[in-house]
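Hydrogens, waters and symmetry mates play no part in the numbers below; they use all other heavy atoms, side chains included.
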Amino acid sequence: MHEAAPIPAWVALAYLASGVLFILALRGLSSPESSRAGNRFGMLGMLIAVVTTLVTHEVASLVEILAAIAIGGGIGFITARRIAMTAMPQLVAAFHSLVGLAAVLVAAAAYLNPGAFGITDAAGILLPVSRVEMGLGVAIGAITFSGSVIAFLKLNGNMSGAPIMLPARHVINLGTLAAIVGLVAYFYFVPAPRVDTPWLFWTVTGLAFLIGFLLIIPIGGADMPVVVSMLNSYSGWAAAAMGFTLGNTAMIITGALVGSSGAILSYIMCRAMNRSFISVIAGGFGAASGGDAAAAATDRPWKRGSAEDAAFLMKQAEKVIIVPGYGMAVAQAQHVLREMADMLKEEGVQVKFAIHPVAGRMPGHMNVLLAEANVPYDEVFELEDINSEFGQADIAFVIGANDVTNPAAKTDKSSPIYGMPILDVANAKTVLFVKRSMGGVGYAGVDNDVFYMDNTMMLLSDAKKMCEDIVKSLD
Amino acid sequence: MDFISILSIFVMACFVGYYVVWSVTPALHTPLMSVTNAISSVIIVGALIAAAAGSTAGGEAAKWLGLVGIALASVNIFGGFAVTERMLAMYKKKERK
(Lines give C-alpha, C1' and ligand atoms only; values in the text may rest on other atoms or scores of the structure.)
Protein backbone atom coordinates (compact mmCIF):
# COMPACT_ATOMS: atom_id res chain seq x y z
CA MET A 1 0.00 0.00 0.00
CA HIS A 2 2.60 2.53 -1.10
CA GLU A 3 -0.25 4.85 -2.09
CA ALA A 4 -1.14 5.63 1.49
CA ALA A 5 1.63 8.25 1.74
CA PRO A 6 0.50 11.80 0.83
CA ILE A 7 1.06 12.74 -2.80
CA PRO A 8 4.19 14.94 -3.23
CA ALA A 9 3.48 18.47 -4.44
CA TRP A 10 5.39 18.12 -7.70
CA VAL A 11 3.26 15.13 -8.69
CA ALA A 12 0.03 17.04 -8.14
CA LEU A 13 1.50 19.94 -10.15
CA ALA A 14 2.55 17.64 -12.97
CA TYR A 15 -0.99 16.28 -13.33
CA LEU A 16 -2.34 19.82 -13.17
CA ALA A 17 0.07 20.85 -15.94
CA SER A 18 -1.11 18.02 -18.10
CA GLY A 19 -4.75 19.06 -17.48
CA VAL A 20 -3.90 22.63 -18.54
CA LEU A 21 -2.14 21.35 -21.67
CA PHE A 22 -5.34 19.48 -22.59
CA ILE A 23 -7.33 22.70 -22.24
CA LEU A 24 -4.84 24.39 -24.59
CA ALA A 25 -5.24 21.50 -27.03
CA LEU A 26 -8.94 22.26 -27.37
CA ARG A 27 -8.36 26.01 -27.33
CA GLY A 28 -6.08 25.60 -30.34
CA LEU A 29 -9.01 24.34 -32.39
CA SER A 30 -10.58 27.80 -32.45
CA SER A 31 -8.82 28.35 -35.79
CA PRO A 32 -7.04 26.10 -38.27
CA GLU A 33 -3.79 28.09 -37.87
CA SER A 34 -3.43 27.39 -34.18
CA SER A 35 -4.86 23.89 -34.29
CA ARG A 36 -1.69 21.94 -34.95
CA ALA A 37 0.13 23.59 -32.06
CA GLY A 38 -2.89 22.64 -29.94
CA ASN A 39 -2.57 19.01 -30.91
CA ARG A 40 1.11 19.03 -29.85
CA PHE A 41 0.10 20.46 -26.46
CA GLY A 42 -2.27 17.53 -26.11
CA MET A 43 0.49 15.02 -26.84
CA LEU A 44 2.80 16.70 -24.37
CA GLY A 45 0.08 16.63 -21.71
CA MET A 46 -0.42 12.91 -22.23
CA LEU A 47 3.31 12.24 -22.04
CA ILE A 48 3.56 14.13 -18.75
CA ALA A 49 0.63 12.19 -17.27
CA VAL A 50 2.01 8.78 -18.26
CA VAL A 51 5.60 9.47 -17.17
CA THR A 52 4.50 10.98 -13.85
CA THR A 53 2.40 7.90 -13.09
CA LEU A 54 5.22 5.50 -13.91
CA VAL A 55 7.83 7.44 -11.96
CA THR A 56 5.73 7.73 -8.81
CA HIS A 57 4.74 4.08 -8.52
CA GLU A 58 6.86 1.07 -7.79
CA VAL A 59 6.58 -0.60 -11.15
CA ALA A 60 6.66 -4.36 -10.79
CA SER A 61 6.03 -5.07 -14.45
CA LEU A 62 7.68 -2.44 -16.63
CA VAL A 63 8.37 -4.78 -19.55
CA GLU A 64 4.76 -5.88 -19.79
CA ILE A 65 3.56 -2.28 -19.55
CA LEU A 66 5.88 -1.10 -22.31
CA ALA A 67 4.84 -4.06 -24.44
CA ALA A 68 1.15 -3.19 -23.95
CA ILE A 69 1.83 0.43 -24.94
CA ALA A 70 3.81 -0.67 -27.99
CA ILE A 71 1.14 -3.11 -29.20
CA GLY A 72 -1.76 -0.70 -28.64
CA GLY A 73 0.15 2.31 -29.90
CA GLY A 74 1.28 0.47 -33.04
CA ILE A 75 -2.25 -0.61 -33.90
CA GLY A 76 -3.59 2.89 -33.26
CA PHE A 77 -0.89 4.64 -35.24
CA ILE A 78 -1.16 2.39 -38.29
CA THR A 79 -4.96 2.60 -38.29
CA ALA A 80 -4.80 6.38 -38.08
CA ARG A 81 -2.41 6.51 -41.02
CA ARG A 82 -4.34 4.17 -43.29
CA ILE A 83 -7.97 5.03 -42.60
CA ALA A 84 -9.91 6.72 -45.43
CA MET A 85 -11.25 10.15 -44.52
CA THR A 86 -14.76 9.04 -45.48
CA ALA A 87 -14.54 6.36 -42.77
CA MET A 88 -13.84 8.92 -40.03
CA PRO A 89 -17.25 8.57 -38.30
CA GLN A 90 -16.72 4.81 -37.86
CA LEU A 91 -13.19 5.34 -36.61
CA VAL A 92 -14.32 7.85 -34.01
CA ALA A 93 -17.08 5.48 -32.86
CA ALA A 94 -14.53 2.67 -32.58
CA PHE A 95 -12.18 4.88 -30.55
CA HIS A 96 -15.03 5.83 -28.22
CA SER A 97 -15.75 2.17 -27.60
CA LEU A 98 -12.11 1.65 -26.56
CA VAL A 99 -12.21 4.51 -24.05
CA GLY A 100 -15.37 2.98 -22.62
CA LEU A 101 -13.88 -0.48 -22.34
CA ALA A 102 -10.66 0.88 -20.83
CA ALA A 103 -12.75 2.67 -18.19
CA VAL A 104 -14.54 -0.61 -17.40
CA LEU A 105 -11.21 -2.41 -17.05
CA VAL A 106 -9.72 0.27 -14.80
CA ALA A 107 -12.81 0.24 -12.58
CA ALA A 108 -12.72 -3.57 -12.39
CA ALA A 109 -9.00 -3.51 -11.55
CA ALA A 110 -9.62 -0.93 -8.82
CA TYR A 111 -12.42 -3.12 -7.46
CA LEU A 112 -10.20 -6.22 -7.39
CA ASN A 113 -7.08 -4.53 -6.00
CA PRO A 114 -8.25 -1.37 -4.18
CA GLY A 115 -5.08 -1.28 -2.09
CA ALA A 116 -3.01 -0.33 -5.12
CA PHE A 117 -5.32 2.64 -5.75
CA GLY A 118 -5.29 3.80 -2.13
CA ILE A 119 -9.06 3.66 -1.81
CA THR A 120 -9.45 1.40 1.22
CA ASP A 121 -9.96 2.14 4.89
CA ALA A 122 -7.73 0.77 7.66
CA ALA A 123 -9.47 -2.61 7.54
CA GLY A 124 -8.87 -2.95 3.82
CA ILE A 125 -12.50 -2.33 2.86
CA LEU A 126 -13.43 -0.15 -0.12
CA LEU A 127 -14.30 3.41 0.88
CA PRO A 128 -18.02 4.10 0.34
CA VAL A 129 -17.45 7.28 -1.73
CA SER A 130 -15.04 5.38 -3.98
CA ARG A 131 -17.67 2.69 -4.50
CA VAL A 132 -20.12 5.22 -5.93
CA GLU A 133 -17.46 6.79 -8.14
CA MET A 134 -16.35 3.37 -9.28
CA GLY A 135 -19.92 2.18 -9.85
CA LEU A 136 -20.71 5.25 -11.96
CA GLY A 137 -17.40 4.93 -13.81
CA VAL A 138 -17.96 1.30 -14.71
CA ALA A 139 -21.59 1.94 -15.71
CA ILE A 140 -20.82 4.94 -17.93
CA GLY A 141 -17.82 3.14 -19.39
CA ALA A 142 -19.86 0.06 -20.23
CA ILE A 143 -22.65 2.13 -21.80
CA THR A 144 -20.06 4.00 -23.86
CA PHE A 145 -18.55 0.71 -24.99
CA SER A 146 -21.64 -1.19 -26.08
CA GLY A 147 -23.33 1.94 -27.46
CA SER A 148 -20.26 2.80 -29.53
CA VAL A 149 -19.99 -0.74 -30.85
CA ILE A 150 -23.57 -0.50 -32.18
CA ALA A 151 -22.89 2.99 -33.58
CA PHE A 152 -19.76 1.62 -35.26
CA LEU A 153 -21.64 -1.32 -36.81
CA LYS A 154 -24.35 1.02 -38.12
CA LEU A 155 -21.91 3.58 -39.52
CA ASN A 156 -19.70 0.90 -41.03
CA GLY A 157 -22.66 -0.76 -42.72
CA ASN A 158 -22.29 -4.09 -40.86
CA MET A 159 -25.70 -3.43 -39.42
CA SER A 160 -28.68 -1.76 -41.08
CA GLY A 161 -28.93 1.95 -40.34
CA ALA A 162 -32.67 1.52 -39.90
CA PRO A 163 -33.94 1.86 -36.36
CA ILE A 164 -34.67 -1.44 -34.61
CA MET A 165 -37.70 -1.02 -32.40
CA LEU A 166 -38.31 -3.39 -29.53
CA PRO A 167 -41.80 -3.45 -28.05
CA ALA A 168 -42.01 -1.67 -24.70
CA ARG A 169 -38.45 -0.47 -25.13
CA HIS A 170 -38.98 2.69 -23.08
CA VAL A 171 -40.13 0.59 -20.13
CA ILE A 172 -37.20 -1.81 -20.50
CA ASN A 173 -34.68 1.05 -20.81
CA LEU A 174 -35.98 3.06 -17.89
CA GLY A 175 -36.22 -0.08 -15.77
CA THR A 176 -32.63 -1.03 -16.52
CA LEU A 177 -31.38 2.49 -15.79
CA ALA A 178 -33.29 2.56 -12.51
CA ALA A 179 -31.81 -0.81 -11.58
CA ILE A 180 -28.28 0.49 -12.22
CA VAL A 181 -28.83 3.60 -10.12
CA GLY A 182 -30.44 1.56 -7.35
CA LEU A 183 -27.62 -0.96 -7.25
CA VAL A 184 -24.94 1.76 -7.16
CA ALA A 185 -26.76 3.36 -4.22
CA TYR A 186 -26.98 -0.03 -2.48
CA PHE A 187 -23.24 -0.53 -3.14
CA TYR A 188 -22.62 2.55 -0.97
CA PHE A 189 -24.38 1.09 2.07
CA VAL A 190 -23.14 -2.52 2.04
CA PRO A 191 -20.69 -2.98 4.96
CA ALA A 192 -18.08 -5.01 3.05
CA PRO A 193 -19.07 -5.29 -0.62
CA ARG A 194 -16.45 -7.81 -1.75
CA VAL A 195 -17.67 -10.26 0.90
CA ASP A 196 -21.36 -9.45 1.37
CA THR A 197 -22.41 -8.76 -2.22
CA PRO A 198 -19.73 -10.09 -4.58
CA TRP A 199 -22.29 -10.15 -7.43
CA LEU A 200 -23.19 -6.47 -7.18
CA PHE A 201 -20.33 -4.80 -9.05
CA TRP A 202 -20.51 -7.30 -11.91
CA THR A 203 -24.29 -7.01 -12.18
CA VAL A 204 -23.99 -3.23 -12.58
CA THR A 205 -21.37 -3.81 -15.27
CA GLY A 206 -23.55 -6.32 -17.12
CA LEU A 207 -26.69 -4.18 -16.96
CA ALA A 208 -24.73 -1.17 -18.22
CA PHE A 209 -23.45 -3.14 -21.23
CA LEU A 210 -27.04 -4.13 -21.93
CA ILE A 211 -28.48 -0.62 -21.66
CA GLY A 212 -25.81 0.84 -23.98
CA PHE A 213 -26.85 -1.69 -26.59
CA LEU A 214 -30.58 -1.10 -26.07
CA LEU A 215 -30.21 2.70 -26.18
CA ILE A 216 -28.53 2.83 -29.58
CA ILE A 217 -30.31 0.13 -31.62
CA PRO A 218 -33.54 2.16 -32.06
CA ILE A 219 -31.66 5.21 -33.37
CA GLY A 220 -31.54 5.60 -37.15
CA GLY A 221 -28.47 6.25 -39.31
CA ALA A 222 -29.25 9.92 -39.86
CA ASP A 223 -29.31 10.67 -36.15
CA MET A 224 -25.77 9.32 -35.85
CA PRO A 225 -24.19 12.81 -35.57
CA VAL A 226 -26.05 13.22 -32.29
CA VAL A 227 -25.24 9.68 -31.13
CA VAL A 228 -21.53 9.98 -31.90
CA SER A 229 -21.36 13.32 -30.04
CA MET A 230 -23.30 11.89 -27.12
CA LEU A 231 -20.99 8.88 -26.82
CA ASN A 232 -18.06 11.29 -27.00
CA SER A 233 -19.56 13.04 -24.02
CA TYR A 234 -20.06 9.76 -22.12
CA SER A 235 -16.46 8.71 -22.65
CA GLY A 236 -15.50 11.98 -20.95
CA TRP A 237 -17.78 11.45 -17.96
CA ALA A 238 -16.42 7.91 -17.57
CA ALA A 239 -12.87 9.30 -17.41
CA ALA A 240 -14.00 11.95 -14.92
CA ALA A 241 -15.63 9.33 -12.66
CA MET A 242 -12.42 7.32 -12.59
CA GLY A 243 -10.53 10.56 -11.95
CA PHE A 244 -12.61 11.01 -8.80
CA THR A 245 -11.73 7.47 -7.71
CA LEU A 246 -8.03 8.14 -8.16
CA GLY A 247 -8.12 11.76 -7.00
CA ASN A 248 -6.29 12.62 -10.20
CA THR A 249 -6.59 16.22 -11.50
CA ALA A 250 -5.50 15.42 -15.04
CA MET A 251 -8.27 12.85 -15.39
CA ILE A 252 -10.91 15.08 -13.83
CA ILE A 253 -10.07 18.12 -15.96
CA THR A 254 -9.94 15.99 -19.11
CA GLY A 255 -13.18 14.22 -18.27
CA ALA A 256 -14.95 17.53 -17.73
CA LEU A 257 -13.57 18.95 -20.99
CA VAL A 258 -14.50 15.94 -23.07
CA GLY A 259 -17.85 15.60 -21.35
CA SER A 260 -18.82 19.20 -22.06
CA SER A 261 -17.42 19.05 -25.55
CA GLY A 262 -19.60 16.08 -26.49
CA ALA A 263 -22.63 17.60 -24.79
CA ILE A 264 -22.22 20.87 -26.70
CA LEU A 265 -21.79 19.05 -30.01
CA SER A 266 -24.95 17.02 -29.32
CA TYR A 267 -26.79 20.24 -28.57
CA ILE A 268 -25.55 21.88 -31.80
CA MET A 269 -26.61 18.83 -33.83
CA CYS A 270 -30.06 18.69 -32.21
CA ARG A 271 -30.59 22.40 -32.81
CA ALA A 272 -29.61 21.97 -36.46
CA MET A 273 -32.37 19.38 -36.82
CA ASN A 274 -34.86 21.25 -34.62
CA ARG A 275 -35.28 18.14 -32.52
CA SER A 276 -35.05 17.72 -28.81
CA PHE A 277 -32.31 15.57 -27.36
CA ILE A 278 -34.97 13.37 -25.75
CA SER A 279 -36.70 12.65 -29.06
CA VAL A 280 -33.38 11.64 -30.64
CA ILE A 281 -32.58 9.32 -27.74
CA ALA A 282 -36.08 7.86 -27.81
CA GLY A 283 -35.21 6.87 -31.37
CA GLY A 284 -37.23 5.55 -34.27
CA PHE A 285 -36.98 8.68 -36.44
CA GLY A 286 -37.58 8.06 -40.15
CA ALA A 287 -38.88 4.54 -39.69
CA ALA A 288 -42.59 4.98 -40.26
CA SER A 289 -43.24 7.97 -42.49
CA GLY A 290 -41.47 6.96 -45.73
CA GLY A 291 -44.28 5.18 -47.57
CA ASP A 292 -46.89 7.73 -48.60
CA ALA A 293 -44.49 10.56 -49.35
CA ALA A 294 -42.55 8.37 -51.74
CA ALA A 295 -45.75 7.29 -53.48
CA ALA A 296 -46.88 10.88 -53.97
CA ALA A 297 -43.56 11.75 -55.53
CA THR A 298 -44.00 9.86 -58.78
CA ASP A 299 -46.61 11.87 -60.68
CA ARG A 300 -45.33 15.44 -60.33
CA PRO A 301 -43.51 16.90 -63.33
CA TRP A 302 -39.79 17.52 -63.06
CA LYS A 303 -36.95 18.36 -65.41
CA ARG A 304 -33.97 16.19 -66.09
CA GLY A 305 -30.64 17.65 -67.17
CA SER A 306 -27.41 16.18 -68.50
CA ALA A 307 -23.81 16.79 -67.48
CA GLU A 308 -23.37 18.94 -70.61
CA ASP A 309 -26.33 21.14 -69.62
CA ALA A 310 -24.94 21.54 -66.14
CA ALA A 311 -21.44 22.38 -67.44
CA PHE A 312 -22.88 24.94 -69.85
CA LEU A 313 -25.02 26.62 -67.18
CA MET A 314 -22.22 26.81 -64.64
CA LYS A 315 -19.72 28.20 -67.15
CA GLN A 316 -22.10 31.08 -67.84
CA ALA A 317 -22.71 31.74 -64.16
CA GLU A 318 -21.10 34.46 -62.08
CA LYS A 319 -21.58 32.75 -58.78
CA VAL A 320 -22.04 29.07 -57.91
CA ILE A 321 -22.73 27.75 -54.42
CA ILE A 322 -22.05 24.04 -53.88
CA VAL A 323 -24.04 22.20 -51.20
CA PRO A 324 -22.47 18.84 -50.32
CA GLY A 325 -24.11 16.13 -48.23
CA TYR A 326 -23.71 12.56 -47.11
CA GLY A 327 -24.23 11.30 -50.70
CA MET A 328 -20.96 13.01 -51.68
CA ALA A 329 -19.14 11.10 -48.93
CA VAL A 330 -20.68 7.78 -49.96
CA ALA A 331 -19.73 8.32 -53.60
CA GLN A 332 -16.24 9.61 -52.61
CA ALA A 333 -16.92 12.52 -54.96
CA GLN A 334 -15.00 15.21 -53.03
CA HIS A 335 -11.84 15.14 -55.20
CA VAL A 336 -13.55 15.38 -58.56
CA LEU A 337 -15.92 17.99 -57.10
CA ARG A 338 -12.92 20.12 -56.20
CA GLU A 339 -11.57 19.63 -59.72
CA MET A 340 -14.89 20.85 -61.08
CA ALA A 341 -14.79 23.87 -58.77
CA ASP A 342 -11.23 24.70 -59.88
CA MET A 343 -12.19 24.60 -63.56
CA LEU A 344 -15.11 26.91 -62.89
CA LYS A 345 -12.83 29.31 -61.04
CA GLU A 346 -10.52 29.36 -64.05
CA GLU A 347 -13.51 30.44 -66.12
CA GLY A 348 -13.92 33.37 -63.73
CA VAL A 349 -16.85 31.93 -61.80
CA GLN A 350 -17.03 32.65 -58.07
CA VAL A 351 -17.39 29.31 -56.25
CA LYS A 352 -18.36 28.82 -52.60
CA PHE A 353 -19.26 25.80 -50.53
CA ALA A 354 -22.19 25.81 -48.08
CA ILE A 355 -22.28 23.32 -45.23
CA HIS A 356 -25.27 22.44 -43.09
CA PRO A 357 -24.32 21.45 -39.52
CA VAL A 358 -25.88 17.98 -39.83
CA ALA A 359 -24.59 17.20 -43.33
CA GLY A 360 -22.83 13.84 -43.14
CA ARG A 361 -22.64 11.44 -40.25
CA MET A 362 -20.69 13.42 -37.66
CA PRO A 363 -20.08 17.07 -36.78
CA GLY A 364 -17.73 18.68 -39.29
CA HIS A 365 -17.71 15.61 -41.57
CA MET A 366 -18.07 17.61 -44.83
CA ASN A 367 -15.39 20.11 -43.82
CA VAL A 368 -12.85 17.32 -43.36
CA LEU A 369 -13.68 15.73 -46.71
CA LEU A 370 -13.40 19.06 -48.55
CA ALA A 371 -10.13 19.79 -46.76
CA GLU A 372 -8.87 16.38 -47.83
CA ALA A 373 -9.71 17.29 -51.42
CA ASN A 374 -7.66 20.50 -51.02
CA VAL A 375 -10.56 22.91 -50.98
CA PRO A 376 -9.24 25.98 -49.12
CA TYR A 377 -11.14 26.38 -45.85
CA ASP A 378 -11.86 30.04 -46.52
CA GLU A 379 -14.12 29.01 -49.42
CA VAL A 380 -16.22 26.82 -47.14
CA PHE A 381 -19.05 28.50 -45.21
CA GLU A 382 -21.44 27.54 -42.45
CA LEU A 383 -25.19 27.84 -42.81
CA GLU A 384 -25.65 31.19 -41.06
CA ASP A 385 -22.80 32.82 -42.93
CA ILE A 386 -23.89 31.95 -46.45
CA ASN A 387 -27.64 31.43 -46.41
CA SER A 388 -28.44 35.00 -47.45
CA GLU A 389 -26.20 34.65 -50.50
CA PHE A 390 -28.32 32.09 -52.34
CA GLY A 391 -30.52 34.99 -53.57
CA GLN A 392 -27.56 36.42 -55.51
CA ALA A 393 -26.28 33.07 -56.74
CA ASP A 394 -26.82 31.95 -60.31
CA ILE A 395 -26.49 28.29 -59.47
CA ALA A 396 -26.95 26.20 -56.35
CA PHE A 397 -25.26 22.86 -56.99
CA VAL A 398 -26.65 20.32 -54.51
CA ILE A 399 -24.68 17.11 -54.37
CA GLY A 400 -25.74 14.27 -52.10
CA ALA A 401 -27.77 16.48 -49.75
CA ASN A 402 -31.56 16.47 -49.59
CA ASP A 403 -33.44 17.19 -46.37
CA VAL A 404 -31.17 20.10 -45.45
CA THR A 405 -32.49 21.95 -48.54
CA ASN A 406 -36.17 21.05 -48.14
CA PRO A 407 -38.44 24.12 -47.92
CA ALA A 408 -41.09 21.97 -46.21
CA ALA A 409 -39.05 22.59 -43.05
CA LYS A 410 -40.31 26.19 -43.26
CA THR A 411 -43.79 25.81 -44.70
CA ASP A 412 -45.29 22.44 -43.81
CA LYS A 413 -46.17 22.15 -40.15
CA SER A 414 -47.02 18.45 -40.48
CA SER A 415 -43.60 17.60 -41.89
CA PRO A 416 -41.27 15.63 -39.61
CA ILE A 417 -38.51 18.11 -40.39
CA TYR A 418 -40.64 21.22 -39.72
CA GLY A 419 -38.62 23.93 -38.00
CA MET A 420 -35.23 22.59 -39.01
CA PRO A 421 -33.01 25.40 -40.35
CA ILE A 422 -32.33 24.76 -44.05
CA LEU A 423 -30.05 26.05 -46.78
CA ASP A 424 -32.24 28.23 -49.03
CA VAL A 425 -31.09 26.74 -52.33
CA ALA A 426 -34.52 27.47 -53.84
CA ASN A 427 -33.61 31.19 -53.89
CA ALA A 428 -30.84 30.67 -56.44
CA LYS A 429 -31.65 31.41 -60.10
CA THR A 430 -31.09 27.77 -61.03
CA VAL A 431 -30.79 24.70 -58.84
CA LEU A 432 -28.77 21.73 -60.10
CA PHE A 433 -29.66 18.76 -57.96
CA VAL A 434 -27.41 15.69 -58.16
CA LYS A 435 -29.27 12.61 -56.97
CA ARG A 436 -29.10 8.92 -57.77
CA SER A 437 -32.76 8.49 -58.71
CA MET A 438 -36.13 10.14 -58.25
CA GLY A 439 -37.44 7.23 -56.18
CA GLY A 440 -35.42 7.62 -53.03
CA VAL A 441 -36.25 10.20 -50.42
CA GLY A 442 -33.93 11.57 -47.75
CA TYR A 443 -33.54 10.01 -44.33
CA ALA A 444 -36.57 11.81 -43.00
CA GLY A 445 -38.70 10.11 -45.68
CA VAL A 446 -40.06 13.45 -46.91
CA ASP A 447 -40.52 14.56 -50.49
CA ASN A 448 -38.61 17.71 -51.46
CA ASP A 449 -40.44 20.46 -53.39
CA VAL A 450 -37.15 21.70 -54.77
CA PHE A 451 -37.15 18.73 -57.21
CA TYR A 452 -40.26 20.02 -58.97
CA MET A 453 -39.51 23.74 -59.23
CA ASP A 454 -39.32 25.35 -62.69
CA ASN A 455 -35.76 26.47 -62.08
CA THR A 456 -34.54 23.08 -60.90
CA MET A 457 -32.70 20.63 -63.09
CA MET A 458 -32.29 17.11 -61.75
CA LEU A 459 -28.97 15.46 -62.57
CA LEU A 460 -29.73 11.81 -61.95
CA SER A 461 -26.53 9.84 -61.52
CA ASP A 462 -23.97 8.74 -58.98
CA ALA A 463 -22.41 11.89 -57.52
CA LYS A 464 -18.87 11.01 -58.54
CA LYS A 465 -19.84 9.92 -62.06
CA MET A 466 -21.83 13.14 -62.59
CA CYS A 467 -18.93 15.35 -61.48
CA GLU A 468 -16.55 13.46 -63.75
CA ASP A 469 -18.90 13.97 -66.70
CA ILE A 470 -19.26 17.67 -65.90
CA VAL A 471 -15.48 18.01 -65.70
CA LYS A 472 -15.18 16.38 -69.14
CA SER A 473 -17.75 18.77 -70.60
CA LEU A 474 -16.02 21.78 -69.08
CA ASP A 475 -12.78 20.86 -70.83
CA MET B 1 -7.26 15.23 -1.81
CA ASP B 2 -10.63 15.49 -0.15
CA PHE B 3 -13.84 15.05 -2.07
CA ILE B 4 -14.86 18.72 -1.99
CA SER B 5 -11.56 19.97 -3.52
CA ILE B 6 -11.86 17.38 -6.26
CA LEU B 7 -15.46 18.33 -6.89
CA SER B 8 -14.48 22.02 -7.11
CA ILE B 9 -11.86 21.27 -9.73
CA PHE B 10 -14.39 19.21 -11.66
CA VAL B 11 -17.06 21.93 -11.65
CA MET B 12 -14.58 24.62 -12.69
CA ALA B 13 -13.26 22.39 -15.46
CA CYS B 14 -16.81 21.90 -16.78
CA PHE B 15 -17.13 25.67 -17.13
CA VAL B 16 -13.74 25.96 -18.81
CA GLY B 17 -14.80 23.16 -21.17
CA TYR B 18 -18.05 24.92 -21.95
CA TYR B 19 -16.39 28.17 -23.01
CA VAL B 20 -13.44 26.59 -24.78
CA VAL B 21 -15.61 24.25 -26.84
CA TRP B 22 -18.00 27.00 -27.95
CA SER B 23 -14.99 28.86 -29.34
CA VAL B 24 -14.05 25.91 -31.56
CA THR B 25 -14.83 26.70 -35.19
CA PRO B 26 -17.51 24.35 -36.64
CA ALA B 27 -15.17 23.45 -39.50
CA LEU B 28 -12.95 21.70 -36.95
CA HIS B 29 -15.66 19.72 -35.17
CA THR B 30 -14.41 16.38 -36.50
CA PRO B 31 -10.82 16.99 -35.30
CA LEU B 32 -12.36 18.16 -32.01
CA MET B 33 -13.97 14.76 -31.60
CA SER B 34 -10.81 12.87 -32.45
CA VAL B 35 -8.62 14.94 -30.13
CA THR B 36 -11.07 14.70 -27.23
CA ASN B 37 -11.01 10.99 -27.88
CA ALA B 38 -7.25 10.94 -27.56
CA ILE B 39 -7.14 12.99 -24.37
CA SER B 40 -9.93 11.08 -22.64
CA SER B 41 -7.57 8.11 -22.84
CA VAL B 42 -5.73 9.77 -19.95
CA ILE B 43 -7.66 7.01 -18.19
CA ILE B 44 -4.49 5.06 -19.01
CA VAL B 45 -3.20 6.50 -15.69
CA GLY B 46 -5.60 4.18 -13.84
CA ALA B 47 -4.59 1.21 -15.95
CA LEU B 48 -0.91 1.94 -15.31
CA ILE B 49 -1.47 1.98 -11.55
CA ALA B 50 -3.23 -1.38 -11.68
CA ALA B 51 -0.55 -2.93 -13.86
CA ALA B 52 2.34 -1.40 -11.91
CA ALA B 53 1.13 -2.90 -8.64
CA GLY B 54 1.97 -6.28 -10.07
CA SER B 55 0.80 -9.52 -8.54
CA THR B 56 0.80 -8.33 -4.92
CA ALA B 57 -2.12 -9.08 -2.61
CA GLY B 58 -4.59 -10.63 -5.03
CA GLY B 59 -3.59 -8.15 -7.75
CA GLU B 60 -2.92 -10.78 -10.42
CA ALA B 61 -6.28 -10.32 -12.15
CA ALA B 62 -6.13 -6.55 -11.63
CA LYS B 63 -2.69 -6.49 -13.26
CA TRP B 64 -3.96 -8.20 -16.39
CA LEU B 65 -7.02 -5.98 -16.57
CA GLY B 66 -4.63 -3.05 -16.26
CA LEU B 67 -2.38 -4.31 -19.04
CA VAL B 68 -5.31 -4.79 -21.42
CA GLY B 69 -6.55 -1.33 -20.40
CA ILE B 70 -3.12 0.13 -21.22
CA ALA B 71 -3.17 -1.49 -24.66
CA LEU B 72 -6.69 -0.21 -25.44
CA ALA B 73 -5.96 3.29 -24.20
CA SER B 74 -2.72 3.32 -26.21
CA VAL B 75 -4.62 2.50 -29.41
CA ASN B 76 -6.67 5.59 -28.70
CA ILE B 77 -3.85 7.87 -27.66
CA PHE B 78 -1.59 7.13 -30.62
CA GLY B 79 -4.47 6.70 -33.05
CA GLY B 80 -6.37 9.75 -31.84
CA PHE B 81 -3.45 12.17 -31.94
CA ALA B 82 -2.14 10.79 -35.24
CA VAL B 83 -5.46 11.01 -37.03
CA THR B 84 -6.05 14.53 -35.66
CA GLU B 85 -2.61 15.57 -36.89
CA ARG B 86 -3.39 14.08 -40.29
CA MET B 87 -6.70 15.91 -40.57
CA LEU B 88 -5.37 19.25 -39.36
CA ALA B 89 -2.57 19.10 -41.92
CA MET B 90 -5.23 19.08 -44.66
CA TYR B 91 -6.82 22.40 -43.71
CA LYS B 92 -5.22 24.95 -46.00
CA LYS B 93 -5.93 28.53 -46.88
CA LYS B 94 -6.34 29.75 -50.42
CA GLU B 95 -2.98 30.28 -52.07
CA ARG B 96 -2.52 33.93 -52.92
CA LYS B 97 -1.10 34.27 -56.40
* Structure fact -> Bottom line for A/E379: the part with an atom under 4.5 Å from chain B's heavy atoms is side chain
* Asked: Side chain, backbone, both or neither: which part of A/I83 has an atom under 4.5 Å from a heavy atom of chain B?
  -> both
* Under 4.5 Å from any heavy atom of chain B - which part of A/I78 -> neither
* Of the backbone (N, CA, C, O) and the side chain (C-beta and beyond), which part of A/V228 lies under 4.5 Å from a heavy atom of chain B, both, or neither? -> both
* Select one option (side chain, backbone, both, neither) describing which atoms of A/M43 are under 4.5 Å from chain B's heavy atoms. => both
* Asked: Would you call the rings of B/F10 and A/F244 parallel, tilted or perpendicular, where under 30° means parallel and over 60° means perpendicular?
  -> perpendicular
* Proximal component of B/I39, with respect to chain A [non-hydrogen, under 4.5 Å] -> both
* For B/L67, is it the side chain, the backbone, both, or neither that has a heavy atom closer than 4.5 Å to a heavy atom of chain A? -> both
* To do: Please flag which part of A/V106 lies under 4.5 Å from any non-hydrogen atom of chain B: side chain, backbone, both or neither.
  => side chain
* Under a 4.5 Å heavy-atom cut-off, does chain B meet the side chain of A/Y267, its backbone, both or neither? -> side chain
* To do: Could you look at A/I23 and say if it's the side chain, the backbone, both or neither that has a heavy atom under 4.5 Å from chain B?
  => both
* Structure fact -> Okay, A/M251 and chain B: the region with an atom under 4.5 Å from a heavy atom over there is both
* Structure fact -> Answer key: most heavy-atom pairs under 4.5 Å with chain A among B/A82, B/G17, B/G79 is B/G79
* Go through the atoms of A/E382 and report whether side chain, backbone, both or neither lie under 4.5 Å from a heavy atom of chain B. => side chain
* To do: Under 4.5 Å heavy-atom distance to chain A, tell me which part of B/A38 shows up: side chain, backbone, both or neither.
  => backbone
* For A/I268, is it the side chain, the backbone, both, or neither that has a heavy atom closer than 4.5 Å to a heavy atom of chain B? -> side chain
* To do: Return the option, out of B/G69, B/G46, B/G80, with the maximum number of heavy-atom pairs under 4.5 Å with chain A.
  => B/G46
* Asked: What part of B/V24 gets closer than 4.5 Å to chain A, counting heavy atoms only: side chain, backbone, both or neither?
  -> both
* Residue, of A/I253, A/V129, A/N232, that accumulates the most heavy atom pairs under 4.5 Å with chain B -> A/N232
* Quick one: what part of A/Y15 sits under 4.5 Å from any heavy atom of chain B, side chain, backbone, both or neither? -> side chain
* Structure fact -> Okay, A/T254 and chain B: the region with an atom under 4.5 Å from a heavy atom over there is side chain
